[in-house]
Amino acid sequence: MSFGIAIGPREDKSPFFDATVAAGAASFTIYNHTYMPVSYGDPEGEYWRLINAVSLWDVAAERQVEIAGPDAGAMVRYLLPRDLSGCKSGQGKYVPMCDHAGRLINDPVLLKHAEDKYWLSIADADVQLWARAIAAERGFDVEIRDPGAAPLAVQGPKARPLIRDLFGDWVLDLKYFWFEATSIQGIDVIVARSGWSKQGGFELYLLDPERGRELWDVVFDAGQSYGIGPGAPNYIERVESGLLSIGADTDDDTNPFEVGLGRFLDLEREDDFVGKQALIQLKEDRRRRLVGLFIDGPPLSPNQHPWRVYKDGKRVGSVRAAAFSPRLQKNIAMTTLDFALTDEGTAVEVDTEFGARTGHATTLPFITPPVTPPKSET
Ligand code: THG
């Protein structure tokens, strides 16, 4: 296949769009109505840079939904099944979001700015519409808007020294998911210890969308001595690490227990929240699970659609994300399977785009950090 993607005003450009094009972005996806680079044309190189050095990602498509006002705290507590009672200003949390039937509709990172101001840094779905509807229906006194902040992720083992060079030693004391407002060469940012990889790193939320090119250049220049390069949320590493991608790993009837997010819900809470009764029921659900699958045969390219999975001729699941792991030297995949087939080693047949293959179930993640980087690949 050979075709382009139309660029037009119906979708948004990231504040880093021009910088990523100049850096050689080779392909884009659309995420939250925003163009997001996914490749710079060297998948292996981008993967090893994330594993061994540091990689710079335009993730401005992870849009912010700001909930502010007198009822902001009550609103986020009602919206989210996670217990936020211990969450402090300056702290972030990973917060699966469900509808009234307990279906998983997003998995944002919550940033608590103050008792009356929160951001949801969202995955790919229209959370602003959802939040505005809930606020209006429940009569919460809040303003819901996109504050226009744009995350730039700095990920990999060399992100720490790089970010220390840029901001000073204090930044290394940030705890996981915590954040701090600061500036860098006069550019206002929020620096957070977070990011969609298991290699460690930070995210810089650009607050003035006019200054995307400047921020990109400042980080890129400072990163030269650490081997920085442009990258994107890394498909291979996320499969190895078992990081969830809403929409890729889920369908519109997935519940959080099926995809390993049960540990982020607090169903014992006394106060009510969206989906509470449904989630209490679904906790016992034994329909299917997202698990790992080793797939036999020569290296596979990523699947362009979910691959059907069969057992004894019967349809039993879908391969949602397949990759060849350079560290394991195996084909690996995140796969939904009927609950009865999720035991370690259970054999299934996969109808791939490259012919039928045998797969064996395993647990996620495939690789657990801290990871020792292979010496041969630096
Ligand atoms: N950064 C920001 N916004 C985001 C993402 C991000 N919005 C969309 C998307 N990513 C949300 N999804 C995830 C999924 C997983 C994690 C973070 C965001 C994550 N999970 C760890 C895990 O599952 O092991 C840790 C969770 C925990 O222990 O609390 O990091 O990346 N700004």
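Note that ligands are numbered from 1 as they come in the structure, with each ligand's atoms numbered from 1 the same way.
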Non-hydrogen atoms of Arg238 versus ligand 1: any pair closer than 4.0 Å?
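Flag not set, Arg238 not near ligand 1.
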For Gly195, state whether at least one heavy atom is located under 4.0 Å from any atom of ligand 1.
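Right, Gly195 reaches ligand 1.
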Short list, please: which atoms of ligand 1 are under 4.0 Å from a heavy atom of [X]?
X: Tyr205; answer: 32 (N)
X: Ala123; answer: 7 (N), 8 (C)
X: Tyr176; answer: 30 (O)
X: Glu203; answer: 1 (N), 2 (C), 6 (C), 31 (O), 32 (N)

Set out, in order, the CA-CA distance, both residues' side-chain angles and the distance that settles salt bridge (Lys or Arg N to Asp or Glu O under 4.0 Å) for Asp272 and Arg138, then state yes or no.
CA-CA 12 Å; Asp272 195 21; Arg138 302 289 300 190; 5.1 Å; no
Nearest neighbour in protein (non-hydrogen) for [atom]:
atom: atom 11 (C) of ligand 1; value: Asp107 O, 2.9 Å
atom: atom 23 (O) of ligand 1; value: Arg263 NH2, 3.7 Å
atom: atom 3 (N) of ligand 1; value: Ser121 OG, 2.6 Å
atom: atom 20 (N) of ligand 1; value: Leu243 CD2, 3.8 Å
atom: atom 10 (N) of ligand 1; value: Glu62 OE2, 3.5 Å

How about Glu349 and Thr358: does a side-chain donor come under 3.5 Å of a side-chain acceptor?
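There is such a pair between these side chains.
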Do Ser55 and Trp57 have side-chain atoms, one donor and one acceptor, less than 3.5 Å apart?
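There is such a pair (donor and acceptor under 3.5 Å, judged by atom type) between the side chains of Ser55 and Trp57.
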Side chain, backbone, both or neither: which applies to Arg63 and ligand 1 if a contact is any heavy-atom pair less than 4.0 Å apart?
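For Arg63, no heavy atom sits under 4.0 Å from ligand 1.
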May I ask you to identify, for Ile122, whether its side chain, its backbone, both or neither come under 4.0 Å of ligand 1 on a heavy-atom basis?
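The part of Ile122 near ligand 1 is the backbone, not the side chain.
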Side-chain contact test, heavy atoms from C-beta onward, threshold under 4.5 Å: evaluate it for Trp130 versus Met97 and give yes or no.
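Answer yes - side chains close enough.
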Cationic N near anionic O, under 4.0 Å, Lys314 to Asp338
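Salt bridge present between Lys314 and Asp338.
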Would [X] count as being in polar contact with ligand 1, using the rule that some N or O on each side must be under 3.5 angstrom apart?
X: Ser194; result: no
X: Trp196; result: yes
X: Lys198; result: yes
X: Arg82; result: no

More than 12 foreign heavy atoms under 6.0 Å from CD of Gln224: is that the case here?
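Counting neighbours around CD of Gln224, more than 12 heavy atoms of other residues, nucleotides or ligands fall under 6.0 Å, so yes.
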Crowded around Glu143 CD? As in, over 12 foreign heavy atoms under 6.0 Å?
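Check fails, neighbour count at 12 or below.
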Is the ring pair Phe264/Tyr94 parallel, tilted or perpendicular, if the boundaries are 30 and 60 degrees?
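Perpendicular: the ring planes of Phe264 and Tyr94 meet at over 60°.
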Could you check which of Phe264, Trp119, Trp57, Tyr94 puts a non-hydrogen atom nearest to atom 17 (C) of ligand 1?
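Among Phe264, Trp119, Trp57, Tyr94, the closest heavy atom to atom 17 (C) of ligand 1 comes from Tyr94.
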Partner residues of Arg63 under the salt bridge (Lys or Arg N to Asp or Glu O under 4.0 Å) criterion, sequence neighbours left out
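Scan of Arg63 (salt bridge (Lys or Arg N to Asp or Glu O under 4.0 Å), adjacent residues dropped) gives Asp12, Asp146.
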Counterpart residues, salt bridge (Lys or Arg N to Asp or Glu O under 4.0 Å), relative to Asp343 (two or more places apart):
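Salt bridge (Lys or Arg N to Asp or Glu O under 4.0 Å) list for Asp343, sorted by chain: empty.
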Quick check: Phe17 with Phe28 (ring centres under 6.0 Å apart)?
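Yes, the ring of Phe28 comes within the 6.0 Å limit of the ring of Phe17, centre to centre.
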